[in-house]
Amino acid sequence: MPDAPVPANPVPAPLVGIIMGSQSDWPTMRHAAEVLDRLQVPNEVRIVSAHRTPDRLAEYAKAARPRGLRAIIAGAGGAAHLPGMCAAWTPLPVLGVPVESHALKGMDSLLSIAQMPAGIPVGTLAIGRAGAVNAGLLAAAMLATTDPALAARLDALRAEQTAAVADAPAADAPAADTPATDMPVADMPATDMPATDMPADAPADPAA
Ligand code: RP5
């Protein structure tokens, strides 16, 4: 009996799970996925709401470590209980990204995620895009402690970032929403390895 054909480019199992409470969080959380893709860290994205889909959250978080995930990035806005509830269901490190809310500009999200009572930690990042980018970088740095190739890619990314900083400001530079010192992840060349596992229940790309 002939052997089953081996796929030419098998999709690597995800190591980082990116979850968010709502489709409306995706414009923020996509930055975490982009950083992980750039660093060739296999990742997956899901909408998992602590209050609208509580059973989905419990199932996702409890299965995360047995499935091989090594860290979870959870983004939410407003009451923002998703990261804390996720951390309650899994021993994996959970990184929380406060999504900017309309009512309180993300201060509600930030305080809700940061102020976990002692015993169940959530590593809290900055509000919005900066937090999502840094959550991706931090998850990668955690994995890089046991992955020298990934550590080298992280070093290269930092060197690239350093090299992109001009000595002096350009007088005619256009005003930008994104500070020039922010990591230009969106401008970076895509890797030839699509790391993101984007299933049917993943957030839709608003640009698509
Ligand atoms: C949270 O409520 C989500 O994380 C989102 O940031 C916020 C608003 O959700 P939508 O009403 O836009 O779905 O659960």
Side-chain angles (χ1 to χ4, degrees), residues 14-37 41 43-65 67 69-117 120-140 142 177-179 182-183 185-186 196-208:
L15 296 177
V16 178
I18 302 172
I19 61 175
M20 62 212 75
S22 170
Q23 172 70 48
S24 65
D25 297 324
W26 177 237
T28 298
M29 298 308 295
R30 71 179 180 84
H31 296 291
E34 287 172 7
V35 168
L36 292 172
D37 287 348
V41 175
N43 63 89
E44 63 179 18
V45 292
R46 298 283 189 280
I47 296 173
V48 179
S49 169
H51 56 279
R52 290 172 177 148
T53 65
D55 291 340
R56 189 188 300 178
L57 169 58
E59 289 161 13
Y60 183 89
K62 284 193 279 187
R65 186 166 71 168
R67 281 201 300 121
L69 293 185
R70 304 269 298 279
I72 293 176
I73 296 171
H81 36 267
L82 176 65
M85 285 303 300
C86 180
W89 283 115
T90 179
L92 291 177
V94 175
L95 304 177
V97 178
V99 172
E100 185 172 333
S101 58
H102 292 298
L104 298 174
K105 300 295 180 193
M107 281 302 295
D108 44 355
S109 324
L110 173 64
L111 297 177
S112 178
I113 294 173
Q115 288 300 115
M116 282 296 288
I120 302 293
V122 171
T124 308
L125 284 302
I127 297 169
R129 175 186 179 274
V133 169
N134 283 345
L137 291 172
L138 196 51
M142 288 157 49
D177 292 337
T178 303
D182 270 8
M183 177 166 292
V185 172
T196 303
D197 165 25
M198 185 77 80
D201 63 346
D205 183 350

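Ligands are counted one by one from 1 in listed order, and the atoms in each one are counted from 1 as well. Nothing fancy with the numbering, it's 1 onward along the sequence.
- Screening residues 96-115 for ring-ring contact (aromatic ring centres under 6.0 Å, His included) gives no qualifying pairs among residues at least two apart or on separate chains.
- Atom 2 (O) of ligand 1 has G77 O, 3.6 Å as its closest protein atom, hydrogens excluded (heavy atom only).
- Panel note: side chain S101, backbone G106; a donor-acceptor pair is recorded below 3.5 Å.
- Crowding of R67 atom CZ: a count of heavy atoms from other residues, nucleotides or ligands under 6.0 Å exceeding 12.
- Residues M29 and V97 meet the side-chain proximity criterion, which asks for heavy atoms closer than 4.5 Å.
- Protein heavy atom nearest atom 10 (P) of ligand 1, with residue, atom name and distance: S22 OG, 3.4 Å.
- The proximity of R52 to ligand 1, defined as any non-hydrogen pair under 4.0 Å, is limited to the side chain.
- Atom 14 (O) of ligand 1 has its closest protein heavy atom at H51 CE1, 3.1 Å.
- Heavy-atom proximity to atom 5 (C) of ligand 1, evaluated over D108, D25, V48, I47, is greatest for D25.
- For Q23, no heavy-atom contact with ligand 1 is shorter than 4.0 Å.
- The backbone N or O of M142 lies less than 3.5 Å from no partner atom in the side chain of R70, so there is not a single donor-acceptor pair.
- Contacts between S24 and ligand 1 below 4.0 angstrom, taking non-hydrogen atoms only, involve the side chain exclusively.
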